[in-house]
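Numbering of residues begins at 1 and proceeds along the displayed sequence.
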Amino acid sequence: TIPYNTSTTFDWDTQDATSCTASQAWSGPKPVRASSNSTGNLTTIGKNTFRLDCSNLFYSGYDFVEVTVSPPPLPTADIKIRTAPPPSGVVSDNSVNIPYNSAAYLTWSSNNASSCTVTGGNSSWSSTSNSSGQSTGNLTSDKTYSITCTGIGGTSPTDSVIADVAKPSLSVDFSVSPSSGNSPIS
């Protein structure tokens, strides 16, 4: 068994053969003996059968080997949320608290991915990584941001973070004028 998109080598030797032909996972004429013959990178998941048929004027025979290719790894995705652009601020894998009407900043990374999509709020971004910090824009309510990545191995589990937005404060200043005596209230 070999990992996806890697190669292996094999050797063969024949007695009294004058020609050999490859079939199944490889093809074409082959020498009657060889060493360290590379398969090339294999991407067919599961069993790959390499058959070699050899013959001379009177006889023919064959042999084969099977090489199993394991599936490619599943992509991974990781998103973080910050209170300020990198490298400043508080960073979290879960959530951060930010003041009302201010921005949070997102960074993300992936492995074994050919594409990633980050969504949340009314925004969407597409790239396999962002280390500079993507601004969420000013927020007035809590928002969840999620990343999902795809690659040859499939789709990553979704990773999410939350911008926890502080509620705006409210103050009321009430005064009566004049400060003494009777005044009609209308």
Verdict with reasoning, Leu52 to Trp26, per side chain to side chain contact (heavy atoms under 4.5 Å, CB included): CA-CA 9 Å; Leu52 187 65; Trp26 59 343; 4.2 Å; yes
From CA spacing to verdict: side-chain hydrogen bond (donor to acceptor under 3.5 Å, both in side chains), Ser70, Thr1: CA-CA 7 Å; Ser70 59; Thr1 300; over 6 Å; no
Derivation of the side chain to side chain contact (heavy atoms under 4.5 Å, CB included) call for Ser95 and Ile81: CA-CA 7 Å; Ser95 66; Ile81 191 163; 5.5 Å; no
Thr76/Ser156 under side chain to side chain contact (heavy atoms under 4.5 Å, CB included): CA gap, chis, key distance, verdict: CA-CA 5 Å; Thr76 60; Ser156 70; 5.6 Å; no
Pair Asn101-Leu139, side chain to side chain contact (heavy atoms under 4.5 Å, CB included): steps then yes or no: CA-CA 5 Å; Asn101 202 28; Leu139 301 175; over 6 Å; no
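Between Ile79 and Val118, the closest side-chain pair of non-hydrogen atoms falls below 4.5 Å. Between Arg82 and Ile98 the shortest side-chain heavy-atom distance does not fall below 4.5 Å. Using a 4.5 Å cut-off on side-chain heavy atoms (C-beta onward), Val69 and Ile2 make contact. Counting heavy atoms from C-beta outward, Asp11 and Ser36 have side chains that approach closer than 4.5 Å. Counting heavy atoms from C-beta outward, Val91 and Pro86 have side chains that stay 4.5 Å or more apart. Proximity of Thr119 to Tyr145: side-chain heavy atoms (C-beta onward) are nowhere separated by under 4.5 Å. Side-chain contact between Asn41 and Ser7 is present, with heavy atoms from C-beta onward closer than 4.5 Å. At least one side-chain heavy atom of Asp16 sits under 4.5 Å from a side-chain heavy atom of Asn56.
The ring pair (Phe, Tyr, Trp, His ring centres under 6.0 Å) test applied to Trp125 returns no partner, not counting sequence neighbours.
In the model, Ser60 has no side-chain atom that pairs as donor or acceptor with a side-chain atom of Ser55 under 3.5 Å. Thr150 and Thr155 share no side-chain donor-acceptor pair at under 3.5 Å. Of the N and O atoms on the side chains of Ser132 and Asn130, at least one donor lies less than 3.5 Å from an acceptor on the other residue.
For Phe50 and Phe64, the ring centers sit 6.0 Å or farther from each other.
Val165 and Val161 end up in the same hydrophobic cluster when Ile, Leu, Val, Met, Phe, Trp and Tyr side chains are linked at under 4.5 Å. Under the 4.5 Å side-chain contact rule for hydrophobic residues, Phe10 and Val32 do not share a cluster.
Considering CH2 of Trp12 and NZ of Lys30, their distance stands at 6.0 Å, rounded to 0.5 Å. Here Asn48 contributes atom CG and Thr68 contributes atom OG1; the two are 7.5 Å apart, rounded to the nearest 0.5 Å. Residue Glu66 holds its CD atom at 4.5 Å from NZ of Lys47, rounded to the nearest 0.5 Å. Summarising the geometry, atom OG1 belonging to Thr144 is positioned 4.5 Å from atom CD1 belonging to Ile162; distances are rounded to the nearest 0.5 Å. Residue Ile152 holds its CD1 atom at 12.5 Å from CG of Leu74, rounded to the nearest 0.5 Å. Within the model, atoms CG of Asp63 and CG of Asp13 stand 12.0 Å from one another, a figure rounded to the nearest 0.5 Å.
For Trp108 (side chain) and Thr117 (main-chain N/O), no donor-acceptor pair under 3.5 Å exists by modelled atom type.
Environment of CG in Asn122: sparse, with no more than 12 heavy atoms of neighbouring residues, nucleotides or ligands closer than 6.0 Å.
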